[in-house]
Asker: 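Here you go, one structure.
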Amino acid sequence: MKRRSFLQLSGMTAAGALLAGCQAGNEKLIPYLIPPDEGVTPGLATFYASSCRSCPAGCGILVRVSEGRAKKIEGNPEHPVNRGKLCARGQAALQELYHPDRVPQPLKRSGPRGSGKFSRISWAEGLGLLTGQLRNLQKEKGADRLALLTPQLRGILATLASGFMRSFGSPHHLSYELLMPDWLRSATRASFGSPSLPWYDLAQSRYLLAFGAEFVESHLSPVHYGNAFGRMRQERDTVRGHFTYVGARLSLTGASADRWLPARPGSEGALALGMARLILSESLADRGALAANGLGAAQLLARLDRYDLPRVAELSGLPEGSIAEVAREFATTRPSLAMAGETVAFQSNGPESVRAIELLNLLVGSLNRPGGVYPDQGSPAGPETSFAELCSLVDAMRGDRISLALIQGNPVHTVPPATGFQAALARVPYVVSFSSLLDDTALQADLILPDHAALESWGEAIPLAGCRETVIGLMQPVVTPVFDTRQFPDVLLAAAGELGGEVAAALPYGSYLELLKKETLRRVAPAAGVDSGTGWASLLQKGGHFGRTGSGAKVFRWLPEAPLPDPAEPRFAGDEKKFPLHLQVYPSTAFHDGRGAALPWLQQLPDPMTTVVWDSWLEINPGTAAGLGIGFGDLVEVSSAQGSLRLPAVIYPGIRPDLVAIPLGQGQRGGGRYAKGRGANPLDLLVARLDEAEAAPCWNATRVRVVRISEKGGMVTTGHPQGSYRSDLIEI
Amino acid sequence: MEKTSSPYQWGMAIDLDRCTGCGACVVACQAENNVAICDKKEIAQGRDMHWLRIERYWTGEYPDVRVRFLPVLCQHCHDAPCEPVCPVYASYHNQDGLNGQVYNRCVGTRYCANNCPYAVRVFNFYPHDWPKPLDNQLSPDITVRSRGVMEKCTFCIQRIRRAKEEAKGEGRPVRDGEVQPACAQTCPAEALVFGNLADPQSRVARLSRSPRRFKLLEHLGTHPSVFYLKGGGREHV
């Protein structure tokens, strides 16, 4: 052998060995030799604009993607709703994508319902089962036996879902979510004639009076209003906005207030009218605003005669002095703003109380003014009676008039059992779930067709009341799907295509993306002069279309025929002797209505007010707890006329002695390893309606009894129960 | 405070009048820095791994009760009690005024955490795992720390490094607001402001001169780089 060929040969062997070694040991490393046009540049992150789907606020996000994997979610600075900011739930949406217990492919039930026994099937088989069920309904002339349950959809997806149901021939499309602002839309319609949600110009306001509106954690658009709150406090050189919170429980939002008025539950409307009367009687009202809305101060005052200060103080359980002081501050520190929230709305007199609070804005001239309240331009219309629709669907299911239910979302966990929903669903012969985790609803399903995670989806996010402008947020997939899943609208379209006939004719789209692109460009193009070729790409790059407030913007004006708000005496379910305490359920800061509970980052996030982790709890006033012999962390049993549950107690200084509170979100039977069997679901305690005529839900009108069981609550907090007493040491 | 040659002195201002205590910063920090997921048992033992926590103080009694929130992260002290006690120089002070931590030097004596008056250093008492495919979320910019290693807030040093490299490439200093740690970036109320204290015009430097400013446990003489701004009118307490 020549010297040259020897060297060549040995060189090749060495290189071969080296290559083999590399491949065997480092399969997961991406060699630097892969050119950038393969889509991956090692070490260089790409940011994709999309929209957050963790709550209806629809914030804009930027997702950092590195080596083809999503790494971090950040707020989109260009988005008018969240201005580059993001809440804990938005940050944690990443774990929804990479959750270890996601449903990897379609599943068919193989054991009894609720047993969690499923066998894996292919998409062809799954779609075949779905279309087979749909065809059976058509064949039996029972198209109206189909029900579709979704969260409150907006925009194109709403059109698609209702188009599917209409062309199939079924009226049973229910868009229901526990916490959606139906109540706010109907109250606004009653007072102002249009169902627009209000947009509060909080940043410019000088005095905020919030009645149970938890705008930091859940109300309408938490990131938007959290940001506006910061600006209200410290963005202006000489003005620091003042904040008074009215509510029986000092919530996370209330914790930031300068003054807390712990009004008796259900008395908020009367309190607002009492303040209105005081403002009118001391001539502090804005006469111009009253005239513009067709109201006269003298007549108004005469009609509010019943709400004199001593009576309102009696009803609300507050000192007369504080009520008068707050009313005067509110009327004289303009622009001032009154905000009504869920805590008030879910009382028996909620709708009228909300209108009473809206009247306060009118009195001080805050309608359609900077620092006041404007109608939201983005999503002007929306469901106002979805609770009544839920009740009628439950009736239909109970009467065996539904034989196929398609369910997107997790209503089995988030609808109070008192409505009879869970029992009625068990009577439906075939249930299809689109959940991406084996959540409570998927466990009751016969077929699971798993949806993409938000970060794998195309879509549109029309923000709920987070801005004055018209905003169409777009969602785009930032990574290739992790599992063999398909998007819910694509499954609907595929089923429509298979069914043929009228349904296919109504939905002639190859994919949801095609529909989304076409519709979005149609709506955006005339306004922005975007052409369809480059327009789509630039919209995706920006994260959507962010419009400006048009000159023909709508305004709030009091309807001439609208009656004055007249909140009735609040009523409560349960005998006062047997159930001495009021119960408030509130959306948890971390989990909202429960959709965040599957994510370990949110489970580990200490609740801001109690520092509890990985659990749910009951909040009780120290005095009440002492009377019942309950200590911090004790296991207690809470019972109502509807049911009972056991959970640990937190001694909570910021709550009325006649009230206890439990956060929503925990107590899931499924939902993956991080949520399953953790804590308790307070919805089990709620009474759905106080009487049959009730149109609006009263989730905060249940009375309960609390009994101590043992000292073993098993609760873990990161902070000391009382916090440190040494706050003077750090000068805050 | 020692003189250094660096044009940067990173610092933070935390406006307690803006802070609503919502916890967005806590999750953002955990997401950015590969901070381990701790189960209930671990937290019950006081071994929570969060680099940033929000302390909550109740004051007064019902109905005159108030809550105050205090986000606490590494104060990046200029006279840091954690630094001189490390036998292996794993905790060090860098030229930009940051308290660094070299994970692969750390032998886990925990002297530093013992000496930190702010209790912001966290120790990996247990091995942590990210069940597949959750491991995909791990950031490639930061090490995943193993059992026996001390870790802490770094002001997102990976972001600072990147910004400095980019600025150097373009032959300019890092601009104010160009680099933000994950917590300040996400804070809905913009309560956290990060920047260069050596630049008197930077937003953080201006806030650090506010009459509302104070430092945490200032009397200990640790000279923190984090300034807190007291809440405004507290007239109704």
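Each chain gets a letter, A, B and so on, in the order its sequence line appears, and its residues count up from 1.
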Asker: Among D15(B), D141(B), T20(B), which residue forms the greatest number of heavy-atom pairs with chain A at distances under 4.5 Å?
Answerer: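 Top option by heavy-atom pairs under 4.5 Å: T20(B).
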Asker: For chain B, find which of A70(A), A590(A), P657(A) contributes the most heavy-atom pairs closer than 4.5 angstrom.
Answerer: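 The answer is P657(A).
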Asker: Report which part of M232(A) has an atom under 4.5 Å of a heavy atom belonging to chain B: side chain, backbone, both, or neither.
Answerer: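 When you check distances to chain B, no heavy atom of M232(A) falls under 4.5 Å.
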Asker: Looking at F125(B), does the NZ or CZ of R47(B) lie under 6.0 angstrom from its six-membered ring centre and within 45 degrees of the ring axis?
Answerer: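 Pair R47(B)/F125(B) counts as cation-pi.
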Asker: When you measure from the centre of the six-membered ring of Y103(B), is the NZ or CZ of R145(B) under 6.0 Å away and within 45° of the axis?
Answerer: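 Judged by the rule, R145(B) and Y103(B) form a cation-pi pair.
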Asker: May I ask you to decide if the ring planes of F194(B) and F155(B) are parallel, tilted or perpendicular, using 30° and 60° as cut-offs?
Answerer: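 Perpendicular.
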Asker: If you count heavy-atom pairs under 4.5 Å between each of V26(B), V65(B), L134(B), V35(B) and chain A, which one has the most?
Answerer: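 Looking at each option in turn, the highest pair count goes to L134(B).
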Asker: Side chain, backbone, both or neither: which part of R64(A) has an atom under 4.5 Å from a heavy atom of chain B?
Answerer: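 R64(A) touches chain B through side-chain heavy atoms alone.
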Asker: Less than 3.5 Å apart, any donor N or O on the side chain of Q604(A) or Q30(B) sitting next to an acceptor on the other?
Answerer: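 Yes.
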Asker: Could you verify whether a donor N or O on one side chain and an acceptor N or O on the other, from Q603(A) and D39(B), lie under 3.5 Å apart?
Answerer: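 Side chains of Q603(A) and D39(B): no pair found under 3.5 Å.
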Asker: In terms of heavy-atom proximity below 4.5 Å to chain A, should R162(B) be classed as side chain, backbone, both, or neither?
Answerer: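 Only the side chain of R162(B) comes within 4.5 Å of chain A.
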Asker: For chain A, which of R18(B), E32(B), E190(B), H50(B) has the most heavy-atom pairs under 4.5 Å?
Answerer: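 The candidate making the most pairs under 4.5 Å is R18(B).
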Asker: Could you check which of P133(B), C25(B), G46(B), C187(B) has the highest count of heavy-atom pairs closer than 4.5 Å to chain A?
Answerer: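 Highest number of pairs under 4.5 Å: P133(B).
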Asker: Pick from R89(A), Q91(A), R673(A), H224(A): which one has the most heavy-atom pairs with chain B under 4.5 Å?
Answerer: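 Ranked by heavy-atom pairs under 4.5 Å with chain B, first place is Q91(A).
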Asker: Out of G23(B), P63(B), G60(B), P131(B), return the one with the most heavy atom pairs under 4.5 angstrom to chain A.
Answerer: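 So the answer, after comparing G23(B), P63(B), G60(B), P131(B), is P131(B).
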Asker: If we define contacts as heavy-atom pairs under 4.5 Å, which of L250(A), V479(A), L605(A), D607(A) has the most with chain B?
Answerer: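 Of the options given, most contacts go to L605(A).
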Asker: Which bit of A44(B) is near chain A, if near means a heavy-atom gap under 4.5 Å: side chain, backbone, both or neither?
Answerer: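 The answer is both parts of A44(B).
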Asker: Whether the T244(A) and Y207(A) side chains hold a donor-acceptor pair (N or O, under 3.5 Å, no angle test) is what I'd like checked.
Answerer: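 Distance-only check passes for T244(A) and Y207(A).
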Asker: Just so I understand: if I count every heavy-atom pair under 4.5 Å between each of R53(B), K41(B), R159(B) and chain A, which residue has the most?
Answerer: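 Counting heavy-atom pairs under 4.5 Å, the top option is R159(B).
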Asker: Chain A heavy atoms under 4.5 Å from L138(B): which part of the residue, side chain, backbone, both or neither?
Answerer: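 For L138(B), the contact with chain A is made by the backbone alone.
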Asker: What part of I655(A) lies closer than 4.5 angstrom to a heavy atom of chain B: side chain, backbone, both or neither?
Answerer: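 I655(A) touches chain B through backbone heavy atoms alone.
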Asker: Pick one of side chain, backbone, both or neither for V223(A), based on which atoms fall under 4.5 Å of a heavy atom in chain B.
Answerer: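 The answer is both parts of V223(A).
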Asker: I'd like to know which of T611(A), N621(A), N227(A), T589(A) tops the heavy-atom pair count under 4.5 Å against chain B.
Answerer: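 With the most close heavy-atom pairs to chain B, the winner is N227(A).
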Asker: Does the distance from a Lys or Arg side-chain N to an Asp or Glu carboxylate O, for D135(B) and R69(A), drop under 4.0 Å?
Answerer: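 Between R69(A) and D135(B) there is no salt bridge, as every charged N stays at least 4.0 Å from the carboxylate O atoms.
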Asker: Looking at chain B, which one of L252(A), L261(A), L602(A), V216(A) has the largest number of heavy-atom pairs inside 4.5 Å, strictly under?
Answerer: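 Top count of heavy-atom pairs under 4.5 Å with chain B: L252(A).
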Asker: If only side-chain N and O atoms count, and only distance matters, is there a donor-acceptor pair under 3.5 Å linking Q158(B) with N33(B)?
Answerer: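 Present: a donor and an acceptor within the cut-off.
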Asker: Does a side-chain heavy-atom distance below 4.5 Å link Y225(A) with H219(A)?
Answerer: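 No. Closest side-chain heavy atoms not under 4.5 Å.
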Asker: For D48(B), is it the side chain, the backbone, both, or neither that has a heavy atom closer than 4.5 Å to a heavy atom of chain A?
Answerer: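 D48(B) touches chain A through side-chain heavy atoms alone.
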Asker: Hey, are E217(A) and T253(A) close enough side-chain-wise for a donor-acceptor pair under 3.5 Å?
Answerer: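 There is such a pair between these side chains.
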Asker: Check K40(B) with D615(A), please: is the shortest side-chain N to carboxylate O separation under 4.0 Å?
Answerer: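 K40(B) and D615(A): salt-bridged.
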Asker: For chain B, find which of R656(A), H99(A), M715(A) contributes the most heavy-atom pairs closer than 4.5 angstrom.
Answerer: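 Most heavy-atom pairs within the cutoff with chain B belong to R656(A).
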Asker: Counting only heavy atoms not in E170(B) (residues, nucleotides, ligands), do more than 12 fall under 6.0 Å from its CD?
Answerer: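 Above 12, so yes.
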